[in-house]
Every structure is written in C-alpha cells, then in structure tokens.
Protein chains: 2
Amino acid sequence: MNSEIELKNFCIVLVEPSGNLNVGSVARLCENFCINELRLVSPICDTNSNEAQQMAVKGKKFLNKAKYFSCLLDAVKDCTHVIATCGRKDHGQIPLEKPSKALNWALEASEGRKIALVFGREDRGLTNKELLIAQKVISISLAEYSSLNLSHAVAIILYELHKIKTSLRNNSVKASSPNPANALELNQCLQDAESLLLEVGFLLKHTANARMTKIKSLLQRGEIRPEEVSLIRGILRQLRWALQRHNT
Amino acid sequence: MNSEIELKNFCIVLVEPSGNLNVGSVARLCENFCINELRLVSPICDTNSNEAQQMAVKGKKFLNKAKYFSCLLDAVKDCTHVIATCGRKDHGQIPLEKPSKALNWALEASEGRKIALVFGREDRGLTNKELLIAQKVISISLAEYSSLNLSHAVAIILYELHKIKTSLRNNSVKASSPNPANALELNQCLQDAESLLLEVGFLLKHTANARMTKIKSLLQRGEIRPEEVSLIRGILRQLRWALQRHNT
C-alpha cells in the first residue's frame, strides 16, 4: 500500500471559514499530512491575505489552488466518502461516531475514490442539514469547554488519520469493504422520498425535517450502498406510478 | 478516577516561544483540555499582546497566570514526570518513543504528582541538552514535511492524552448501545412491506425473496431500533391508505 496515494484520496472542506489565520494554518496542515486538496465553501475570509499566506508556510500551494463552492453539496459531489465534524451538543437524532471508527471506514475505501473531511464555521460549526450530507459524523468530545480552534480540530483529525493509516500499513492488512453510496445520490433519493411522503400525507411540512432525519440516520448507520439507493429509488418510482394509475 | 484531578496534574511548558499567536492558541488548548498551568521559558513574545489574548479566547487566564522561568530545568524542577517533544531528526542517541506509550506512563503517576509536557522553539525545537532533561522524549512522526505548527503539536499531544485518559476510565464501564428492534416486530414489518410492494408491482413473486433480503440486510446493518420499525410501519399504513383512497 502506498502511503502517498492513500492520503491523496483525501480533501479538506471548510464551510464558511471566517479567519485568515485559520485557513492559512489548515493549508499548512494539508502539506504536513500530504492531503490532496483544500476546498472552501463560501469563505468569509481572504486566502490571498498576508495572514493566510504567512500561516501556510510551505502549504501556500494549497491556498493558491483551493477550489471554491457555493454550497457543501456541490463541494462533495464527486466524493464517495464524506465525513463531517460536529462540536455542538444539539445535533438531535444525528448519530456521532468516534473519529477512529469513521476514519478507519474511509481508509478502507479503494484507491481512486475521493474522501472529504468537512469542518464547519468557527463560531457555530455545521448546520444539522449539512451534517446530514455526510455518511459519518464525528465528534472530538472534550470534557468541558469543548470549543476547539478550527485548525486544531483539523490537526487532531489528520493526526488520527495518519496514525490509523500507519498502523494499517504496518499490520499489512488489506481491508476491503463495499463502497458506500455517493452523498449526492443519497440526498436526491431522500428528497424524492420526502416529496412522495408529503404527497400521501405521511409527512406534514412541519414534521418532514425531523422524520426524514430519522430515516437518514438509519440509512447512515447501515452504510447504505449505491445498489441499495437504486433499490429504494425503484420502490419510490413504482409507488408513484401506482398512485397515479389509481388517480386517472 | 476523577477526570479533572487527573489532568490537573499536567502543565504545558513552552521553551522560547516566539509567536504571540502560538502562545495564545496554546492557552486556549490549556482551557480545552483542563490543563493545570502554562509555563514559559524565556519567551520571545508578549503574552499581553492583543494577538495572544485574542487567540486564547476562554483560555486568557492561562496567559495571565503563566509562570516564567529562565531555563527549562527551573521550569520542571517540581515535576516528577517530564515528557519532551522532538520534531528534529538529529536527536542522536536519545531514544524517541511513541506519544501513546509515554503519555500512558505519565497517566499512571499517582495523584498529586506534577507532570510536564515540554515543547520547543517554533524554528528549531528543543536542544539535545534540553531533551536529556526529560525522562521520555516523544516524536510526532510525519511522512515528509514534518514541521508542524507549535500549537498544532500541542493540540495533537493533548488530544492523545485525553483519549488515553478516557479509555483508561471507560475500560471498566460497559458501553451502552440503544436497544435493537425485536426480531419478530421487524419481520412483521418486512412482511407488511413485501405485500404492499407486491400489490404495487415492484416485487414479483419470483423476485420478492431476493429483494426483501437486500432491504433486510440494510436495516440489520443499521441495527434498526424499535421506534424506527414503528416509523416504517407508519409509512406503509399511510401509503396503503393513499392507494385505497384513489381506488374508491
């Protein structure tokens, strides 16, 4: 297993980062840990600022080649594995995992797959809607005052990833687990389901979000696969057809 | 074992730090991880600067109460356990250990003992003479460009410490995972789904078994819970109702 190729699968996604120093620091970490690229969703800071460039040190190329997106779903649509981070306590039904478990899952992805590690805003993290885009949500749980600096959170997660990768390589374990469904396709499927369930009156506008979150959490825990998403879409299509046939 | 007392044994020692931002960031980490105190050996920066104070966020008290020393030996003379960090390759005969091993050793110290975690200068780390003051020297080994930002190195070591401490505490604690759905109820729910899917023509008699097995596998992997089975039954009931309404 080639250590370089392996980490070249990973990209760091920052959602609405507001600190020049933080974005520069994260670029340095991308270089430290041989990450593939840095993606920025609607940044509220300037990657060309002196502050950002100085903090990046040898990671300036990650700043200069960073890709920009207007929403998280766009930023991860080519990624088969999406892991989001959560520091908030009010994540509702969304299940949190330990970093090591989720990172292991991502490291088992076959070569050539893209994996996104998503970090939220400095002041309020990722919204629950954004967390649901990911197949796995991890939490760096600390005892009390748990608000880590953004770049410290990135450092901790990348180090954890590096450690697991090194130990996997040393154990020379070639693990193979099935590829999970693409985040975009799963989201489209769930939107499709949501509109059908609204039509038949199972969901009401004000309950839709909470109930769909429960369904998505179940599918995420089950690490739903592409062929299973297709199966569900087939069911939805057939149900819609049956309802329309009766209608005419 | 009391988690607070345990980390209250630890202090962070920075030798000749030169960055206001770094020292402020490390103060924030001291607060994040409930460290006892911050000690500074001949700092070449200003802990009262705006930069340092701003980066410290809720850790300002660590900056304001930081203790100053003129040499490392003075800074650690009341500590029974001293762990130094090394990022350089030219450490000669000084043996390097993995962070987890050395931190475990420190965590086994009895209550009331003081433990120092020592970090060197941003540009050239600790001298070999300084490394020899410590009983243990640890290295955060990275593949290539290994120069981590000082506060990132502190974040990684403190997180490792926190993880080991938590796992030591939880070793005797039996993890409690939510109750899974009752097998009988899950099977009844799946039979209900199967008959609906046969009615709408998604399943055919000869494909029903294989496809329902796929759905069941997904739900089992997700360790479906009782309330989720109820949710699915609710969906099935509503779909059946919508189909019948159209029929009459």
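What's counted below: heavy atoms across the whole structure, side chains too, no hydrogens, waters or symmetry copies. These numbers come from a predicted model, not from an experiment. Naming: A, B, ... by sequence-line order, numbering from 1 per chain.
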If every non-hydrogen atom of A/Glu228 is compared with every non-hydrogen atom of B/Lys214, which pair is closest and at what distance? OE2-O, 4.2 Å
Measure the shortest side-chain to side-chain distance between B/Gln238 and A/Leu197 over non-hydrogen atoms and say whether it is less than 4.5 angstrom. no
Side chain / backbone / both / neither for B/Leu21 at chain A, heavy atoms under 4.5 Å: side chain
Using a 4.5 angstrom heavy-atom cutoff, name the option from B/Leu239, B/Leu203, B/Ile235 with the most pairs to chain A. B/Ile235
Shorter than 4.5 Å, heavy atoms on both sides: which option in B/Ser151, B/Gly222, B/Gly234, B/Ala153 has the most such pairs with chain A? B/Gly222
Identify which part of B/Lys98 has an atom lying under 4.5 Å from any heavy atom of chain A, answering side chain, backbone, both or neither. neither
Would you give the length of the straight line joining atom CG of B/Leu219 to atom CD1 of A/Ile224, rounded to the nearest 0.5 angstrom? 9.0 Å
Side chain, backbone, both or neither: which part of B/Ser25 has a non-hydrogen atom closer than 4.5 Å to chain A? both
Side chains of B/His162 and A/Ile140: closer than 4.5 Å at any heavy-atom pair? no
Among B/Ile232, B/Val154, B/Val200, which has the most heavy-atom pairs under 4.5 Å with chain A? B/Val200
Please determine, among B/Glu160, B/Met55, B/Glu199, the option with the most heavy-atom pairs under 4.5 Å with chain A. B/Glu160
Interface moiety of A/Leu158 toward chain B, non-hydrogen atoms closer than 4.5 Å: neither
Once you round to the nearest 0.5 Å, how far does CG of B/Leu243 lie from CG of A/Leu243? 4.5 Å
For B/Phe33 against A/Leu148, the heavy-atom pair lying closest together: CE1-CD2, 4.1 Å
Heavy-atom count around B/Asp46 CG within 6.0 Å, excluding the residue itself: above 12? yes
Under 4.5 Å between any side-chain heavy atoms of A/Ile157 and B/Tyr159, yes or no? no
So which of A/Arg225, A/Arg237, A/Glu227 has the largest heavy-atom pair count under 4.5 angstrom toward chain B? A/Arg225
Out of B/Leu196, B/Leu218, B/Leu29, return the one with the most heavy atom pairs under 4.5 angstrom to chain A. B/Leu218
Does atom CG of B/Asp123 have more than 12 heavy-atom neighbours, drawn from other residues, nucleotides or ligands, at distances under 6.0 Å? yes
